[in-house]
Protein chains: 2
Amino acid sequence: MSRNAKAGLEDIARAAGVSKMTVSRVLRGSSGFSEETRARVMSEVERLGYLPNRIAAAFGSGGTSTLVGVCVPRFASSLFGSTLESINTSLMRLGYQSMIGSHDQLPEEEEIWLKGLASWRPAGIILAARRHTPETLSLLRDLTVPIVEMWDLNTQPIDVSVGFSHFDDGYTMGRFLMLRGRRRYGYVGAMANRVTTGRNRRDGFEAALREGGISLAASETLEDHPGFYAGYYGTELLISREPKLDGIYYHDDEMAIGGMAWLASRGIRVPDDIGIAGWGGMEAASIQPRRLTTTVVPTALIGKTAAELLVGRMRGDPVQDVTMIPTRLVPGETV
Amino acid sequence: MSRNAKAGLEDIARAAGVSKMTVSRVLRGSSGFSEETRARVMSEVERLGYLPNRIAAAFGSGGTSTLVGVCVPRFASSLFGSTLESINTSLMRLGYQSMIGSHDQLPEEEEIWLKGLASWRPAGIILAARRHTPETLSLLRDLTVPIVEMWDLNTQPIDVSVGFSHFDDGYTMGRFLMLRGRRRYGYVGAMANRVTTGRNRRDGFEAALREGGISLAASETLEDHPGFYAGYYGTELLISREPKLDGIYYHDDEMAIGGMAWLASRGIRVPDDIGIAGWGGMEAASIQPRRLTTTVVPTALIGKTAAELLVGRMRGDPVQDVTMIPTRLVPGETV
DNA sequence: GATTGCTACGTTACCGGTAACTCATGCAGT
DNA sequence: ACTGCATGAGTTACCGGTAACGTAGCAATC
C-alpha cells in the first residue's frame, strides 16, 4: 500500500535474491524464468510498491516507447471529442499512452505540434488532416513509425488510412435530395482559418446536382467555426440573397438546426417551404420537432478502429492499408 | 532540411569542435558559453537537423520531465472540451507536454489513469474531480509534484485549486428566480455513473429556495449523460408527475433547451406558463427564440489559469492556493 | 561418453542526455 | 604583484532500465 516511488528494479532484485534482469523479464512477461522466481519477484514488487519507470524503459530500449501522438482539428467539437475519447481509451486499454494536440485546421500548427511530439520519440502517430506542410511530411518520413490518417479517408495513405469520404457523403445527400424533385438548392458552410472542412461534402453535393442537370443556386460560407449560431446567420445571409430556395444543405447538423431556427423565426416552414439536410448525426437533432435528414458518422468506431490499426502496425501485424468506415444517410422529416 | 533523427549531442559537439556538455548548455539556453561558440553550435544543430530527445533528457536529469497529466470527466462535452483545449495549448506554449485522460466521473477510472501516468514521472498534474479513491490520494502524495484541482473549486486543496462553486451558482440562480415571485420549482438533472455532477448546483438552488421559505416541488434526475434529449424526456417525466410548476432549473443549457423543446411541443409557453433556467452558457442557446437565463462559465479561462498556476508551481514561483474564477448569471428572457 | 539443445538465469555494455565538479584564463581591485 | 572572482569551457559519473551475449545445469540425442 505504501508506495515507494524510489524502489527500482535493483531493489526488487536484491530483495528477491535475483538479478535486475530477471526482474525486468518477469515484469514484462517475456519468458526466461521459473514460476517460483516469478512469484517471489512479484511478491517483492507488491511489497515494495514498485512503480514502473517508462521514461527509463523507453530510454533503455533505444527509443521503443509506448507513446502515441494524436492530432485533431479541435477538442471542443462533439464529433472529434467523441472520436478522441474513443482513441484515448482504446490506446490506454492496449497499453499505450497518447499525447494529444490540436491544429485548428492549420497545417503550420500541426507541424509545430509534430516537432514537439517527435522529440518524445513516439511509437506511432494518428492524424486527422488531409493537408500537411512539406516539413511535416518530411518529418513523418524520417520518424519511420506507423502513421494512421483518420477521419477523411485517404485512398493513397502515407501509411494507413481509416475513415469515410466526405465527397461521397455530399454526393449521396445530393442524390437523395434530387429524388424529391426539388430544383433550387443552397449551401451553408463554415470555414475555420480559411480551410473549409466541409468543402469535399459540398463538392460531392454539387456533383450530384450537376448529374441531375442543375447547379447550386446559392452558397454561403462563413469565416467562423461551425455551430448553431453560424447556421442561424448563415441562413439569413443566404436567404436574403436568394429568397426562393427549395432546399439547403448544411455543413453539419448544428448549423442545420441553427438554420431551422432562423427559418422558423420567419415563418418559413420545413419541409413544406424548404427542405433541410445536415451532416454528422449530432445529438441536438434529437429534440427537433421533425427528425433532421442527416448523415450519421460513427465517430467512436472511427477512433477505435484507428487505435487498433495503429497498434496492429506497431506490433508488426499485417493490417489493411485503407479501411472505409461507412456513414449512413438517415432520411428524416425535414426534406 | 533533411532531418537526421540519428544525430545526437555528440555529433553536434564533434562537428562544432566543442564538448557534448557545451552543446547541451547552448541548446537549453543556460549561460556558460560565448556568443561565438553559441553561433557555431547552432549552425551545426541546424545543418545536421538535430532532433532533441526528451526521453533521454527526462531520464538524464533524474526524472525532471516536462510532462503534465490532465484528467477530466469527458472529452466530448462542449464545456470540458473547451477547457481541455485551453489547457493543452497553454501548456504547449509554456514548453510542457500534456498526457490527457478521462474518468467519466468514476474515481476508479481516475486511479487507473493515474497509475499509468505515474510511470511517466510527470512534473505536474491537473485534475477535474472532487472525489478520489484512497489509492489515488496516496499516489498523489507520493509523487510529490504540483497538483492543480480545477473546475469545481476546492477551498482546502491538495495543493492548488482553481474554479468556481457549483453550490453558489445554484444558490444565485435560486435567489434570482425567487425575485420573480414564483413559488413552485422543479429540477431536472442527469447523472453519469451514479455521480451527479450538478448535485452541488441543485443543493445551492434548494438552499436559496429554503431561505425563501419554500422547497423544491419536484425533481427528476436521469441516469444518463446530460444532453438535449435527456432534458427533453426528463421534462416529460417531471411534468407528468407534477404538472403545475412555475419554473424549472436544469442541470445545464443543453438539457434546458431540450426541456423547452418538449414544453413547446405541448404548447406550454416560456416564460408565460413556466420559467426556465439552465447553466453553462452553451452555444446552442444562441439560436433560441428567447435568450436562455443561464450562468456563463468561462471555460477557456479556467483552463488557461489552471495551466499557468501549475507551471508557476512547477517552476517554484509562489502561487495562490485557491483561485476563484467567477461565473456570471445572465438574465435571459426565459424567466 | 560426447554433443546438442533447452531452460533459467547472470553479466556487461550501453541508450543520450544532465548534474556536479574541475580547471584555465583574463581582468579588476587592493 | 597578488588575490579574488567571473567566464567559458572540459571531465566524469550517473540516471534505471533493456539488448545481447554468456553460462551452468540438466535431459535428450547421437
Side-chain angles (χ1 to χ4, degrees), chain A residues 4-42 44-45 48-67 95 97 118-123 143, chain B residues 4-42 44-45 48-67 95 97 118-123 143:
Chain A
N4 183 1
K6 284 133 215 153
L9 286 195
E10 191 70 61
D11 305 277
I12 312 277
R14 212 182 351 260
V18 293
S19 76
K20 205 168 67 162
M21 199 59 219
T22 298
V23 178
S24 176
R25 277 191 274 253
V26 168
L27 286 173
R28 283 180 300 153
S30 55
S31 60
F33 48 82
S34 66
E35 169 54 27
E36 195 216 319
T37 303
R38 197 199 61 79
R40 195 148 32 87
V41 166
M42 289 312 285
E44 289 305 323
V45 163
L48 295 172
Y50 171 71
L51 249 184
N53 185 338
R54 293 210 187 288
I55 295 279
F59 179 62
S61 63
T64 317
S65 78
T66 54
L67 280 175
Q97 173 66 50
S119 64
W120 287 100
R121 302 291 191 265
L143 285 173
Chain B
N4 183 1
K6 283 134 216 153
L9 286 195
E10 191 70 61
D11 305 276
I12 312 279
R14 211 181 353 259
V18 294
S19 74
K20 207 167 66 160
M21 198 59 221
T22 299
V23 178
S24 174
R25 278 192 273 253
V26 168
L27 285 173
R28 285 182 299 154
S30 56
S31 60
F33 48 85
S34 67
E35 169 54 28
E36 194 215 322
T37 303
R38 196 198 63 78
R40 194 148 32 86
V41 166
M42 288 311 284
E44 289 304 323
V45 163
L48 295 172
Y50 171 71
L51 250 181
N53 185 337
R54 291 209 189 287
I55 295 279
F59 179 64
S61 63
T64 317
S65 77
T66 55
L67 281 176
Q97 173 66 50
S119 64
W120 287 100
R121 301 293 190 269
L143 285 173

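Atom set for the values below is all heavy atoms of this structure, side chains included, hydrogens, waters and symmetry mates excluded. Order of the sequence lines fixes the chain letters, A, B, ..., with proteins taken first and strands second; residue numbering starts at 1 for each chain.
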Starting at atom [atom1] of [X], determine the distance to atom [atom2] of [N], rounded to an integer number of angstrom.
{"X": "B:Arg25", "N": "C:dA20", "atom1": "CZ", "atom2": "P", "answer": "13 Å"}
{"X": "B:Arg14", "N": "C:dG16", "atom1": "CZ", "atom2": "C1'", "answer": "13 Å"}
{"X": "A:Trp120", "N": "C:dG16", "atom1": "CH2", "atom2": "C1'", "answer": "14 Å"}
{"X": "B:Leu9", "N": "C:dG17", "atom1": "CG", "atom2": "P", "answer": "4 Å"}
{"X": "A:Leu27", "N": "D:dG16", "atom1": "CG", "atom2": "P", "answer": "16 Å"}
{"X": "B:Asn53", "N": "C:dG16", "atom1": "CG", "atom2": "C1'", "answer": "6 Å"}
{"X": "A:Asp11", "N": "D:dG16", "atom1": "CG", "atom2": "C1'", "answer": "11 Å"}
{"X": "A:Arg38", "N": "C:dT7", "atom1": "CZ", "atom2": "C1'", "answer": "17 Å"}

Check: When only distance counts, do a donor and an acceptor, one from the side chain of B:Arg54 and one from the base of C:dG17, lie under 3.5 Å apart?
Finding: no
Check: Is A:Lys20 side chain donor-acceptor paired with the D:dG17 base, going by distance under 3.5 Å alone?
Finding: yes
Given [options], which nucleotide is nearest the side-chain atoms of [X]?
{"X": "B:Arg28", "options": "C:dA19, D:dA9, D:dG16", "result": "C:dA19"}
{"X": "A:Thr22", "options": "D:dA9, C:dG10, C:dG17", "result": "C:dG10"}
{"X": "A:Ser61", "options": "D:dT18, C:dG10, C:dA8", "result": "D:dT18"}
{"X": "B:Met21", "options": "C:dA19, D:dG17, C:dG10", "result": "C:dA19"}

Next item on the list: Have a look at A:Thr37 and say if it touches a base, only the backbone sugar-phosphate, or nothing, with a 4.0 Å heavy-atom cut-off.
Entry: sugar-phosphate
Margin query: So B:Ser19, base contact, sugar-phosphate only, or nothing? Heavy-atom distance under 4.0 Å.
Written below: base
Item checked: Shortest non-hydrogen contact from A:Ala13 toward A:Ser19 -> CB-C, 3.6 Å
Next item on the list: Looking only at non-hydrogen atoms, find the nearest pair between B:Ala58 and B:Ser61 and report the distance.
Entry: O-OG, 3.3 Å
Notebook entry, point to check: For A:Leu9, does its backbone N or O pair with a side-chain atom of A:Ser24 as donor and acceptor, under 3.5 Å?
Noted result: no
Notebook entry, point to check: Is the backbone of B:Trp120 close enough, under 3.5 Å, to the side chain of A:Arg54 for a donor and an acceptor to pair up by distance?
Noted result: no
Check: Of B:Arg40 and B:Gly62, whose nearest nucleotide on DNA chain D comes first from the 5' end?
Finding: B:Arg40
Checklist line | 5′-ward residue of the pair B:Val18/B:Phe59 relative to DNA chain D | finding: B:Val18
Item checked: Presence of B:Tyr50 side-chain N/O under 4.0 Å of C:dG17 phosphate oxygens OP1/OP2 -> yes
Item checked: Nearest-0.5 Å distance that lies between atom CE in B:Met21 and atom CZ in B:Arg25 -> 5.0 Å
